[in-house]
Asks: 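Just passing along the structure, written as structure tokens.
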Amino acid sequence: MDKIKYFDFFSGIGGFKSAVDSIKNLPVDFEHVGFCEIEKNAAKFYSEHYFGGDLNGLQFVNNIEDVKTSANSTGIELNPFDLFLGGFPCQSFSNVGYRKGLEDDRGQLFYNILHLLDEYSPQFFVLENVQKIATLKKGSVLDEMKRALEDCGYHVYLWDLNASNYGVPQKRRRIFFAGVKNTFVKKALTAPDELDLSKSKYPTAWHLLEKDNVDHKHYIPTKTRETVLYKNPKWQGDVNIDNALARPITATMAKWHRANQDNYFSDSYINASDPFVRPNVDLVSEPIRRITPLEGFRLQGFNDDFEDTRKRLKMSYSASYKLIGNAVPVPLSKAVIHHLLSSYLTD
Ligand SMILES: C[S@@+](CC[C@H](N)C(=O)[O-])C[C@H]1O[C@@H](n2cnc3c(N)ncnc32)[C@H](O)[C@@H]1O
């Protein structure tokens, strides 16, 4: 195999695509043959950012449920591909009970993935989802998913990884399913090697904060401060602001979340010089803000030109945070894709 054709499913703004684009040291080249994304803003962003708005023949499918498979014989036929990439939506998986031959639940996109693997038989796949799926029914849902993927003819590796161990200062745990066709001789693969955060581009969240003036809309409004910053003994988790290691960035951060759930930084911290020292902040009067979209892109490992695309598209803050918060961190995805492919394509 000298070229890996990949299809980017549930593409969002392309965390997986950016990861593939950054992989340089494999004995094969990549060819992007298509992407699939149901949400208009995400598809528009993807098309504009990577292709300047002109897909020039690249296949685009709006809804994965419209793809031709054995369960949908009149659907859209996809270009052939060797690598299936997809961070599928975190729906409720509580009733996954998939066994080949049994009736499946069409409502759950996981089944579309299984049908696609059956129909197109790519050599590899990398799937991503929230860590919470590992805890459903004491792990049995995850076991079922792994078995269902194996039943499609793959060796499957399951890794529970934290983005902060792979080059971005964000505590974001994600489950990855990495699969290779069982025509390959199975190798014992452990998780990809971790990276030293202190040597990464942004060793802490402080390093990626904009030091210049930012839009005043990012500052917590006076009337909202009490809800956001008031410490309620019933809340779980700490209320700390000014975290050197950011909490997981959320898709709904345009709304003002409580400070134990989201990322807020005080002007004192932003303008100080030690990322690991929390300044004494007056929670009543000190200006405190959420992270900006540019900082959000950085926290997910995207390049700064994503912010240029966002501005060009005049994307609202709430639409932007949704795209950013749904994305898969680029360096984490890179580590997983590279690890899987290099393990099977090099000796
Ligand atoms: C968790 S996000 C993945 C984001 C992506 N990994 C990234 O880096 O931006 C899931 C994506 O699947 C999309 N999606 C949901 N249902 C879909 C469907 N039926 N067909 C295609 N895409 C869908 C959502 O709009 C969302 O962008």
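Both ligands and their constituent atoms are indexed starting at 1 by order of listing. No hydrogens, no waters, no symmetry mates; every other heavy atom, side chains included, goes into these values. One is the number of the first residue; the rest follow in order along the sequence.
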Asks: Taking it one step at a time, do Phe51 and His32 satisfy ring pair (Phe, Tyr, Trp, His ring centres under 6.0 Å)?
Replies: CA-CA 12 Å; Phe51 305 101; His32 187 201; 5.7 Å; yes
Asks: For ligand 1, which atoms have a heavy atom of Ala327 less than 4.0 angstrom away?
Replies: 7 (C), 8 (O), 9 (O)
Asks: For the side-chain hydrogen bond (donor to acceptor under 3.5 Å, both in side chains) test, which of Tyr321, Tyr264, Tyr219 pairs with Arg290?
Replies: Tyr321
Asks: Does Ser285 have any side chain to side chain donor-acceptor pair (under 3.5 Å) partners at least two apart in sequence or in another chain, and if so, which?
Replies: Asp282
Asks: Could you tell me the residue and atom name of the protein heavy atom closest to atom 9 (O) of ligand 1, and the distance to it rounded to 0.1 Å?
Replies: Ile13 N, 2.9 Å
Asks: What is the closest protein heavy atom to atom 5 (C) of ligand 1, and at what distance does it sit?
Replies: Ser11 O, 3.3 Å
Asks: For ligand 1, indicate whether the residue Leu109 contacts it via side chain, backbone, both or neither (heavy-atom separation under 4.0 Å).
Replies: side chain
Asks: Taking both backbone and side-chain atoms of Val328, is any N or O found less than 3.5 Å from an N or O belonging to ligand 1?
Replies: yes
Asks: Starting from atom 12 (O) of ligand 1, locate the nearest protein heavy atom and write down its residue, its atom name and how far away it is, to 0.1 Å.
Replies: Phe10 CB, 3.3 Å
Asks: Closer than 4.0 Å to some heavy atom of Asn62 - which atoms of ligand 1 meet that?
Replies: 20 (N), 21 (C)
Asks: Could you tell me, atom by atom, which parts of ligand 1 come under 4.0 Å of a heavy atom of Ile38?
Replies: 14 (N), 15 (C), 16 (N), 17 (C), 18 (C), 19 (N), 20 (N), 21 (C), 22 (N), 23 (C), 25 (O)
Asks: Is it true that the side chains of Thr69 and His115 contain a donor and an acceptor less than 3.5 Å apart?
Replies: no
Asks: Ignoring hydrogens and geometry, is there a side-chain-to-backbone donor-acceptor pair from Asn72 to Val67 under 3.5 Å?
Replies: yes
Asks: Should Lys17 and Asp21 count as an ion pair when the cut-off is N to O under 4.0 Å?
Replies: yes
Asks: Below 4.0 angstrom from a heavy atom of Glu39, which ligand 1 atoms are there? Numbered from 1 as shown, please.
Replies: 25 (O)
Asks: Which option out of Lys322, Glu37, Lys17 puts a heavy atom nearest to atom 13 (C) of ligand 1?
Replies: Glu37
Asks: Looking only at distances, can you tell me whether any N or O atom of Ile64, backbone or side chain, sits closer than 3.5 Å to an N or O atom of ligand 1?
Replies: yes
Asks: Looking only at non-hydrogen atoms, which of Gly87, Gly15, Gly12 approaches atom 10 (C) of ligand 1 most closely?
Replies: Gly87
Asks: Please check if the side chain of Asn162 supplies one atom and the backbone of Arg172 the other of a donor-acceptor pair under 3.5 Å.
Replies: yes
Asks: Could you tell me whether Ala42 approaches ligand 1 through its side chain, its backbone, both or neither, with non-hydrogen atoms closer than 4.0 Å?
Replies: neither
Asks: Is the distance between the ring centroids of Phe16 and Phe10 under 6.0 Å?
Replies: no
Asks: Return the residue, atom name and 0.1 Å-rounded distance of the protein heavy atom closest to atom 15 (C) of ligand 1.
Replies: Pro89 CG, 3.4 Å
Asks: Show me which atoms of ligand 1 lie under 4.0 Å from any heavy atom of Cys36.
Replies: 21 (C)
Asks: Any idea which protein heavy atom is nearest atom 2 (S) of ligand 1, and the distance to it?
Replies: Asn326 O, 3.6 Å
Asks: Who are the side chain to side chain donor-acceptor pair (under 3.5 Å) partners of Asp8, not counting sequence neighbours?
Replies: Tyr46
Asks: Is there a polar contact between ligand 1 and Asn63, counting only N or O atoms under 3.5 Å apart?
Replies: yes
Asks: Please determine whether a side-chain nitrogen of the Lys or Arg among Arg247 and Asp262 lies less than 4.0 Å from a carboxylate oxygen of the Asp or Glu.
Replies: no
Asks: Phe9 pairs by ring pair (Phe, Tyr, Trp, His ring centres under 6.0 Å) with which of Phe81, Phe35, Tyr120, Phe60?
Replies: Phe81
